[in-house]
Novice: 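The structure that follows is given in the form of structure tokens.
Numbering of residues begins at 1 and proceeds along the displayed sequence. Since the structure is predicted, the reported quantities are computational estimates derived from the model, not experimental observations. For the numbers below, each heavy atom of this structure counts, side chains included, while hydrogens, waters and symmetry mates do not.
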Amino acid sequence: MRLSRWIVLSGVTVIACATAATNVRTPLGAHLSPGARTGAPVPLRVDPNAKVILSSAAGLPPASFLPPQAVRGKQVYEQTCATCHQPGQLVGQGFVESWNDRLVYDLYGLVRGTMPLDKPGGMKDQEYLDLIAYLLQANHAPPGADSLRADTLALRKSRIAVTFP
């Protein structure tokens with residue numbers, strides 16, 4: 001009897017998830033560039049049916065970062081990220097459309113858990129935060145009175161407020 005309840009419950013959950021397809025986009029992709037230190041261009045393994053549910057944090061205050069933090073983040077970006085990501089891939093209209101009004105924690109969690117490709121999670125927390133500050137600044141987010149901190153509660157209570165000129 002217990003087993004049949006679980007089967008019915010999991011079936012209902014699968015159906016509910018499959019039909020709740022509002023506000024979904026395909027995930028961002030990345031390809032290695034010919035100049036990448038990790039080797040020749042190789043497409044990532046991607047599930048073409050995967051979807052990402054975009055949450056909106058429009059009612060939250062914008063993330064706060066300091067300009068020196070963004071300067072350090074630019075160095076991290078140039079040394080680590082720019083070897084694989086094409087110019088303009090993380091700065092510009094595509095980034096703004098994908099990340100504006102989303103939680104800072106969503107971006108931080110994605111970058112920290114998946115980057116760099118050859119060693120996900122291999123950088124220090126402060127380097128990831130500096131990188132996020134640079135991406136915010138490069139996408140025209142105004143600096144604030146405080147720097148980004150590795151406080152998940154604070155990162156979940158602020159939003160990415162970027163614009164495309």
Side-chain angles (χ1 to χ4, degrees), residues 23-46 50-165:
N23 199 12
V24 244
R25 290 189 188 160
T26 56
L28 295 175
H31 296 277
L32 295 176
S33 64
R37 288 185 275 173
T38 55
V42 177
L44 296 175
R45 286 180 233 144
V46 163
K51 302 290 182 204
V52 175
I53 298 173
L54 298 177
S55 60
S56 177
L60 296 175
S64 178
F65 65 92
L66 294 174
Q69 187 177 30
V71 169
R72 292 190 310 266
K74 183 176 183 179
Q75 293 170 346
V76 172
Y77 180 86
E78 289 171 351
Q79 294 170 356
T80 308
C81 309
T83 59
C84 298
H85 292 280
Q86 301 293 326
Q89 187 177 11
L90 299 175
V91 176
Q93 185 175 2
F95 183 89
V96 171
E97 288 175 0
S98 296
W99 289 101
N100 192 41
D101 284 337
R102 292 187 61 194
L103 294 175
V104 175
Y105 182 79
D106 290 348
L107 179 59
Y108 171 78
L110 175 72
V111 172
R112 189 174 190 289
T114 61
M115 296 294 147
L117 285 175
D118 60 346
K119 191 177 178 185
M123 297 189 313
K124 296 175 185 170
D125 280 341
Q126 191 59 51
E127 291 174 315
Y128 285 111
L129 292 165
D130 293 347
L131 173 64
I132 300 301
Y134 167 68
L135 292 176
L136 293 174
Q137 183 183 55
N139 286 290
H140 307 284
D146 197 9
S147 61
L148 288 174
R149 299 181 318 269
D151 174 4
T152 57
L153 185 58
L155 293 174
R156 291 175 193 263
K157 289 186 174 184
S158 60
R159 69 181 169 92
I160 297 170
V162 293
T163 59
F164 182 71

Novice: Starting at CG of Leu131, measure out to SG of Cys81 and round the result to the nearest 0.5 Å.
Specialist: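 Here the rounded value is 4.5 Å.
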
Novice: What are the two closest non-hydrogen atoms of Ala141 and Ala161, and how far apart are they?
Specialist: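 Looking at all heavy atoms of both residues, the shortest contact is CB-O, 3.2 Å.
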
Novice: Taking only residues at least two apart or on different chains, which pairs with a member in residues 129-155 satisfy ring pair (Phe, Tyr, Trp, His ring centres under 6.0 Å)?
Specialist: Tyr77-Tyr134

Novice: Without placing hydrogens or testing angles, list every side-chain donor-acceptor pair under 3.5 Å for residues 58-68, not counting sequence neighbours.
Specialist:
{"unit_1": "Ser64", "atom_1": "OG", "unit_2": "Ala145", "atom_2": "N", "d": "3.1"}
{"unit_1": "Ser64", "atom_1": "OG", "unit_2": "Asp146", "atom_2": "N", "d": "2.9"}
{"unit_1": "Ser64", "atom_1": "OG", "unit_2": "Asp146", "atom_2": "O", "d": "2.7"}

Novice: Within a strict 4.5 Å, meaning less than it, do heavy atoms of the Val162 and Leu136 side chains meet?
Specialist: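 Sidechains of Leu136 and Val162: in contact.
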
Novice: According to salt bridge (charged side-chain N to carboxylate O under 4.0 Å, His left out), does anything in residues 79-90 pair up with another residue at least two apart or in another chain? List the pairs.
Specialist: none

Novice: Between atom CD of Gln137 and atom CD1 of Ile132, what is the distance when rounded to the nearest 0.5 Å?
Specialist: 13.5 Å

Novice: Using 0.5 Å steps for rounding, measure from the NZ atom of Lys119 to the CG atom of Leu117.
Specialist: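 Here the interatomic distance stands at 14.0 Å.
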
Novice: Between the side chains of Gln75 and Gln79, is a donor N or O closer than 3.5 angstrom to an acceptor N or O?
Specialist: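 Per modelled atom types, Gln75 and Gln79 side chains form no pair under 3.5 Å.
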
Novice: I need the minimum non-hydrogen distance between Asn139 and Leu90, along with the two atoms involved.
Specialist: ND2-O, 3.1 Å

Novice: Show which side-chain atoms of residues 104-114 pair as donor or acceptor with protein atoms under 3.5 Å away, not counting sequence neighbours.
Specialist:
{"unit_1": "Tyr105", "atom_1": "OH", "unit_2": "Arg156", "atom_2": "NH2", "d": "3.3"}
{"unit_1": "Asp106", "atom_1": "OD2", "unit_2": "Ser55", "atom_2": "OG", "d": "3.2"}
{"unit_1": "Tyr108", "atom_1": "OH", "unit_2": "Arg112", "atom_2": "NE", "d": "3.4"}
{"unit_1": "Tyr108", "atom_1": "OH", "unit_2": "Asp125", "atom_2": "OD1", "d": "3.3"}
{"unit_1": "Arg112", "atom_1": "NE", "unit_2": "Asp125", "atom_2": "OD1", "d": "2.5"}
{"unit_1": "Arg112", "atom_1": "NH2", "unit_2": "Asp125", "atom_2": "OD1", "d": "3.0"}
{"unit_1": "Thr114", "atom_1": "OG1", "unit_2": "Leu110", "atom_2": "O", "d": "2.6"}

Novice: Quick check against the 3.5 Å criterion: does Tyr128 have a side-chain atom that pairs as donor or acceptor with the backbone of Met115?
Specialist: yes

Novice: Would you please name every residue forming a side-chain hydrogen bond (donor to acceptor under 3.5 Å, both in side chains) with Asp101, sequence neighbours left out?
Specialist: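 Asp101 satisfies side-chain hydrogen bond (donor to acceptor under 3.5 Å, both in side chains) with Arg159 once adjacent residues are dropped.
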
Novice: Going by the rule side-chain contact (heavy atoms from CB on, under 4.5 Å), which residues pair with Gln126 if we only count those two or more places apart in sequence or in a different chain?
Specialist: Gln69, Arg72, Leu129, Asp130

Novice: Could you tell me whether the side chain of Met123 reaches within less than 4.5 Å of the side chain of Pro116, counting heavy atoms only?
Specialist: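 Answer yes - side chains close enough.
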
Novice: How close do Ala57 and Leu103 get, counting heavy atoms only, and between which atoms?
Specialist: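 The answer is CB-CD2, 3.6 Å.
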
